[in-house]
Amino acid sequence: MTHQMHTYHMVNPSPWPLTGALSALLMTSGLTMWFHSNSMALLITGLTTSSLTMYQWWRDITRESTFQGHHTTTVQKGLRYGMILFIISEIFFFLGFFWAFYHSSLAPTPEVGGYWPPTGINPLNPLEVPLLNTSVLLASGVSITWAHHSLMEGNRKHTLQALLTTIILGVYFTLLQISEYLEAPFAISDGVFGSTFFVATGFHGLHVIIGSSFLAICFLRQLKFHFTSNHHFGFEAATWYWHFVDVVWLFLYISIYWWGS
């Protein structure tokens, strides 16, 4: 930072926002093609370009923070505010799904039989796979906290162990949810119950996959000694995000699985 008289990071021009936007367009268009024409070529292209964009964008940010010294205390403060605002926006994102669920379940209309769950719907048992998934995510919340405290204490071995444990639990949660979807006695097309259930839990599952990827990147960076006890905001942001995913699941479990059944 010796070439400038301030502590802010003036970001260089980057092609990755543009390629990311185009990749998102390819993916959404590819999904439409897949649903209507059973063709996955455009979707696979979009997923490929998205993966390449993520890899190169994360690579550049890692260089800026770790090797080039651009992430000063002032910059980290701005990143913290940005992550907090992002998580708040995610809270409102899920709030819409909860609103739809409670709007339909607290005052069920004659179209769904006048009661909840609607006529003909056999809901999942909340004490089976959903309860196991809850235990898995709560355990992952403990392990990610263990990893964070180990990192702050400079215990590299425990940080790696706890991070790997959290990633494994995240993957296990995803596999359990896939099995639950395959065995569910209702579909997303089964009225308001099916749509609210699969959209809310499906988007949460997507967030678990994103969080697991986030933590996997942190694991690789920790292997390369990128984090120190006082300079590890990338890891801290992943921890915040994972705790957010945990809390949302608790509300989903209590509302949709337990109370809603």
Side-chain angles (χ1 to χ4, degrees), residues 54-55 58-59 61-62 65-67 71 73 75-91 93-94 126-180 201 203-254 257-258:
M54 286 190 291
Y55 170 76
W58 291 341
R59 177 204 62 194
I61 294 172
T62 300
S65 63
T66 309
F67 305 119
H71 286 192
T73 303
V75 173
Q76 288 184 62
K77 187 177 180 181
L79 292 171
R80 288 174 188 276
Y81 287 147
M83 191 66 192
I84 290 169
L85 289 172
F86 170 68
I87 290 176
I88 291 172
S89 74
E90 291 281 88
I91 291 171
F93 176 75
F94 278 99
L127 300 180
E128 293 180 350
V129 175
L131 183 60
L132 175 59
N133 262 340
T134 304
S135 304
V136 168
L137 271 193
L138 289 177
S140 72
V142 173
S143 61
I144 194 64
T145 304
W146 170 31
H148 193 195
H149 283 274
S150 298
L151 181 58
M152 290 190 292
E153 294 168 2
N155 191 328
R156 173 177 163 79
K157 180 181 177 181
H158 282 186
T159 303
L160 290 170
Q161 287 177 347
L163 250 179
L164 185 59
T165 301
T166 309
I167 295 166
I168 291 171
L169 289 172
V171 173
Y172 183 43
F173 176 93
T174 301
L175 294 174
L176 284 173
Q177 193 165 34
I178 291 171
S179 69
E180 179 185 79
T201 59
F203 268 114
H204 177 269
L206 176 63
H207 282 69
V208 170
I209 294 171
I210 294 169
S212 300
S213 304
F214 205 168
L215 293 172
I217 297 298
C218 290
F219 181 80
L220 294 174
R221 292 190 64 191
Q222 177 66 5
L223 286 175
K224 293 178 176 293
F225 297 89
H226 286 181
F227 299 129
T228 65
S229 58
N230 57 3
H231 195 283
H232 57 264
F233 177 70
F235 175 83
E236 199 169 3
T239 303
W240 292 356
Y241 189 82
W242 195 256
H243 285 309
F244 158 75
V245 168
D246 280 353
V247 172
V248 169
W249 174 259
L250 288 177
F251 281 100
L252 280 173
Y253 176 74
I254 293 170
Y257 286 98
W258 182 65

Please walk me through it: do Trp242 and Phe214 pass side chain to side chain contact (heavy atoms under 4.5 Å, CB included)? CA-CA 9 Å; Trp242 195 256; Phe214 205 168; over 6 Å; no
With heavy-atom distances below 4.5 Å as the criterion, would you say the side chains of Leu131 and Trp258 are in contact? no
Please check this pair: side chain of His226 against backbone of Gln222, looking for a donor-acceptor N/O pair closer than 3.5 Å. no
Let me see the working for Leu250 and Thr134 under side chain to side chain contact (heavy atoms under 4.5 Å, CB included), right down to the final yes or no. CA-CA 7 Å; Leu250 288 177; Thr134 304; 3.9 Å; yes
List the steps and the verdict of side chain to side chain contact (heavy atoms under 4.5 Å, CB included) for Cys218 and Phe227. CA-CA 9 Å; Cys218 290; Phe227 299 129; 4.1 Å; yes
Hey, could you give me the CD/OG1 distance between Glu153 and Thr159, rounded to the nearest 0.5 Å? 8.5 Å
So how far is it from Trp146 CH2 to Thr166 OG1, rounded to the nearest 0.5 Å? 8.5 Å
Can you tell me how far CG of Leu137 sits from CG of Leu132, rounded to the nearest 0.5 angstrom? 10.0 Å
Side chains of Thr228 and Leu151: closer than 4.5 Å at any heavy-atom pair? no
Which pair of heavy atoms, one from Leu160 and one from Phe219, lies closest together, and at what distance? O-CE1, 3.5 Å
Going through the checks in order, is the ring pair (Phe, Tyr, Trp, His ring centres under 6.0 Å) test met by Phe93 and Phe203? CA-CA 10 Å; Phe93 176 75; Phe203 268 114; 5.1 Å; yes
Taken to the nearest 0.5 Å, the spacing of Met152 CE from His232 NE2 works out to 6.0 Å
Which atom of Ser143 lies closest to which atom of Leu169, heavy atoms considered: OG-CD1, 4.1 Å
If you apply the rule side chain to side chain contact (heavy atoms under 4.5 Å, CB included), what do you find for Tyr257 with Trp249, and how did you get there? CA-CA 10 Å; Tyr257 286 98; Trp249 174 259; 3.5 Å; yes
Show the numbers, then the answer: is there a ring pair (Phe, Tyr, Trp, His ring centres under 6.0 Å) between Phe173 and His204? CA-CA 11 Å; Phe173 176 93; His204 177 269; 5.6 Å; yes
Looking at every non-hydrogen atom in both residues, tell me the closest pair between His243 and Gly141 and how far apart they are. CE1-O, 3.6 Å
So which heavy atom on Asn133 is nearest to which on Gln177, and how close? ND2-N, 4.0 Å
Report yes or no: do His207 and Glu90 form a side-chain donor-acceptor pair below 3.5 Å? yes
Testing the basics here: between Arg156 and Leu223, what is the closest heavy-atom pair and its distance to 0.1 Å? NH2-O, 3.3 Å
Just wondering, do His149 and Asn155 contact through their side chains at under 4.5 Å, heavy atoms? no
If you look at every heavy atom in Ser65 and Thr62, which pair is closest and at what distance? OG-O, 3.2 Å
Rounded to the nearest 0.5 Å, what's the gap from CH2 on Trp240 to CZ on Phe235? Could you check? 12.5 Å
Identify the residue among Arg221, Lys224, His231 that makes a side chain to side chain donor-acceptor pair (under 3.5 Å) with Thr66. Arg221
Approximate separation, where rounding is to 0.5 Å, of Leu215 CG and Tyr241 OH: 10.5 Å
